[in-house]
Undergrad: 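Dumping the structure here so I can ask a few things about it.
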Amino acid sequence: MAESNFVDYVKICCRSGKGGRGSMHMRRAKYVPNGGPDGGDGGRGGHVYLRGNRNYWTLLHLRYERHVFAGHGGNGSKCRSTGKDGEDRYIDVPCGTVVYNADTGEYLCDVTEDGQLVMLLKGGRGGLGNWNFRTSTNQAPRYAQPGEPMRELTVIMELKLLADVGLVGFPNAGKSTLLSAVSSARPKIANYPFTTLEPSLGIVSYRDNQSFVMADIPGIIEGASEGKGLGLRFLRHIERNSLLLFMVPGDTDDICREYEILLNEVATFNPELLDKQRVLAVTKSDLLDEELIRMLGENLPDVPHVFISAVSGQGIPALKDLLWEAMNSESNKLQAITDQTNIVHKNKDLSFLRDELKEMGEDEEITFVDEEDIEDLEDFEYEEDWDETE
């Protein structure tokens, strides 16, 4: 996975800008004997935003940018001049990105739409200049406010692919073959288990220039919830799918048992996935005759099913019709609305979080280093631009 262009897990450090300090300045002008205070306010520090961008489909661009620093606010100056606001930083992420606190595992935010802006860190406010502290009893205040400090946060960004149909099945069930047959995607296909090591997306064409998106994830096996095989790490990519397509080979000994195993592993990962609509596709049906297909069809689980063969094209049009009908059914639309309004994100378990970071090569310690901020550790001092001897 380290050499793959598909990156769905990154750890980065973010820091907002500090606020500029207010100015402690006294007005000096010819023929103005009692100028009074005129120190301006400091500028605010820059914010750190997350921005959804549909042109990205992976977090690869963030793997090589581990530090995201916003600009610091400028200091106030004389003549009530306000300091410059710090530059905001925008982190473009693909739609479907979920953000967690890397230290506590707490869920922070979710970016699901193109152009959606989420403030991740707020910049520090600028300090007030001495102009704001003048009163009738204190007409020459010689103090001002420092700016608010910057904020730092280490976050984990986790991508969950947005697709209409998610493929669920054991290794060598024909998922990649089906995706290559119905779309222009070209996933790796070979006659050995776990040829698919990363999720793939394909756009499936349908009648009247319509289409839908299909997602292929690596195969899961019995005991995946205990870490066997590739585990359940990739199952998060079907959490946002509106429909789950379970794929079981027709030459297996017990289709119902394999379907129940897959369903149990999905439920172990996230019980809410059981609320999604499910369709069963019996693959490699070109190896079966019509009489055997009829016999098997009588003992299949109580879900919509179809016998297909991606190699010969058998049942592919019927599968598309079944998927399109299920996706556009009234119950599925109501379920999609419910998921968008009532979606609940669980906090990360720190024990599993460390294992995931180590697996993805993101467990190295990232520290904040900026030589310009060493002065923040020193006591705040004001420079008084005023000479009493003049």
Side-chain angles (χ1 to χ4, degrees), residues 6 57 161-207 210-221 224 229-230 234-252 255-256 258-263 265-266 273 276-288 292-293 296-297 300-301 303-328 332:
F6 182 82
W57 68 283
L161 293 179
L162 297 177
D164 300 308
V165 179
L167 304 182
V168 182
F170 284 92
N172 283 110
K175 301 186 298 299
S176 299
T177 306
L178 174 63
L179 185 65
S180 63
V182 299
S183 70
S184 298
R186 292 296 175 263
K188 184 178 180 180
I189 301 173
N191 189 23
Y192 57 86
F194 300 111
T195 54
T196 301
L197 297 177
E198 60 188 41
S200 301
L201 288 178
I203 299 178
V204 182
S205 300
Y206 194 62
R207 299 188 180 97
Q210 296 174 319
S211 62
F212 57 90
V213 180
M214 182 177 289
D216 173 27
I217 66 170
I220 60 177
I221 61 175
L230 295 179
F234 290 108
L235 272 179
R236 66 171 175 267
H237 292 296
I238 64 173
E239 285 186 312
R240 299 185 188 277
N241 302 158
S242 59
L243 179 67
L244 300 182
L245 176 59
F246 287 79
M247 302 182 64
V248 179
D251 58 353
T252 187
I255 296 178
C256 292
E258 289 206 2
Y259 172 78
E260 293 297 333
I261 293 174
L262 292 171
L263 199 61
E265 296 297 334
V266 169
L273 290 177
K276 296 182 179 293
Q277 285 199 337
R278 303 188 293 272
V279 174
L280 175 62
V282 182
T283 62
K284 305 179 182 180
S285 59
D286 55 333
L287 303 176
L288 311 175
L292 185 55
I293 290 177
L296 292 175
L300 291 180
V303 293
H305 63 272
V306 61
F307 287 83
I308 65 170
S309 172
V311 175
S312 64
Q314 175 185 348
I316 297 299
L319 175 63
K320 290 183 179 181
D321 293 336
L322 184 60
L323 294 176
W324 187 261
E325 181 181 354
M327 284 188 299
N328 292 276
N332 194 44

Undergrad: Any heavy-atom pair between the side chains of Asn328 and Phe212 that's under 4.5 Å?
TA: no
Undergrad: Examine distances only and state if a side-chain atom of Lys284 and a backbone atom of Asp251 form a donor-acceptor pair shorter than 3.5 Å.
TA: no
Undergrad: If I compare all heavy atoms of Ile293 with all of Ser285, which pair ends up nearest, and what's the gap?
TA: CD1-O, 4.2 Å
Undergrad: What distance do Leu280 atom CG and Glu258 atom CD have between them, rounded to the nearest 0.5 Å?
TA: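 Taking CG in Leu280 and CD in Glu258, the distance rounds to 10.5 Å.
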Undergrad: If you measure from CE on Met327 to CG on Leu322, what distance do you get to the nearest 0.5 Å?
TA: 10.0 Å
Undergrad: To the nearest 0.5 Å, what is the distance between CG (Leu292) and CZ (Phe307)?
TA: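 Leu292 atom CG to Phe307 atom CZ measures 8.0 Å (nearest 0.5 Å).
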Undergrad: Closest approach of Ala310 and Ile316, non-hydrogen atoms and distance?
TA: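 Reported closest heavy-atom pair: CA-CD1, 4.3 Å.
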Undergrad: Which heavy atom of Ser242 sits nearest to which heavy atom of Asp164, and what is that distance?
TA: OG-O, 3.0 Å
Undergrad: Using side-chain contact (heavy atoms from CB on, under 4.5 Å), reason through Tyr259 and His305 one step at a time and then give a plain yes or no.
TA: CA-CA 12 Å; Tyr259 172 78; His305 63 272; over 6 Å; no
Undergrad: Where do Leu178 and Thr283 land on the side-chain contact (heavy atoms from CB on, under 4.5 Å) test, with the steps shown first?
TA: CA-CA 9 Å; Leu178 174 63; Thr283 62; over 6 Å; no
Undergrad: How many angstroms lie between CG in Leu167 and CG in Leu179, if you round to the nearest 0.5 Å?
TA: 6.5 Å
Undergrad: Which heavy atom in Asn241 sits nearest to a heavy atom in Ala215, and how many Å separate them?
TA: OD1-CB, 4.5 Å
Undergrad: Would you compute the distance between atom CD of Glu265 and atom CG of Leu273 and round it to the nearest 0.5 angstrom?
TA: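 Here the rounded value is 12.5 Å.
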Undergrad: Can you see which heavy atom on Asp321 is nearest to which on Arg207, and at what distance?
TA: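 So the two residues come closest at OD1-NH1, 2.5 Å.
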Undergrad: Return the CG to NZ distance between Leu323 and Lys320, rounded to the nearest 0.5 Å.
TA: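 Nearest 0.5 Å value for the CG-NZ distance: 10.0 Å.
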Undergrad: Between Leu262 and Val168, which heavy-atom pair has the shortest distance, and what is it?
TA: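 Distance-wise, the nearest heavy atoms are CD1-O, 4.2 Å.
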Undergrad: Any non-hydrogen side-chain atom of Val282 less than 4.5 Å from a side-chain atom of Leu296?
TA: no
Undergrad: Can you tell me if Ser183 uses its side chain to pair, donor with acceptor, with the backbone of Val204 under 3.5 Å?
TA: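 No: the side chain of Ser183 does not pair with the backbone of Val204.
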Undergrad: Answer yes or no: are there more than 12 heavy-atom neighbours, outside Ile203 itself, under 6.0 Å from its atom CD1?
TA: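 No, because the 6.0 Å sphere around CD1 of Ile203 holds 12 heavy atoms or fewer from other groups.
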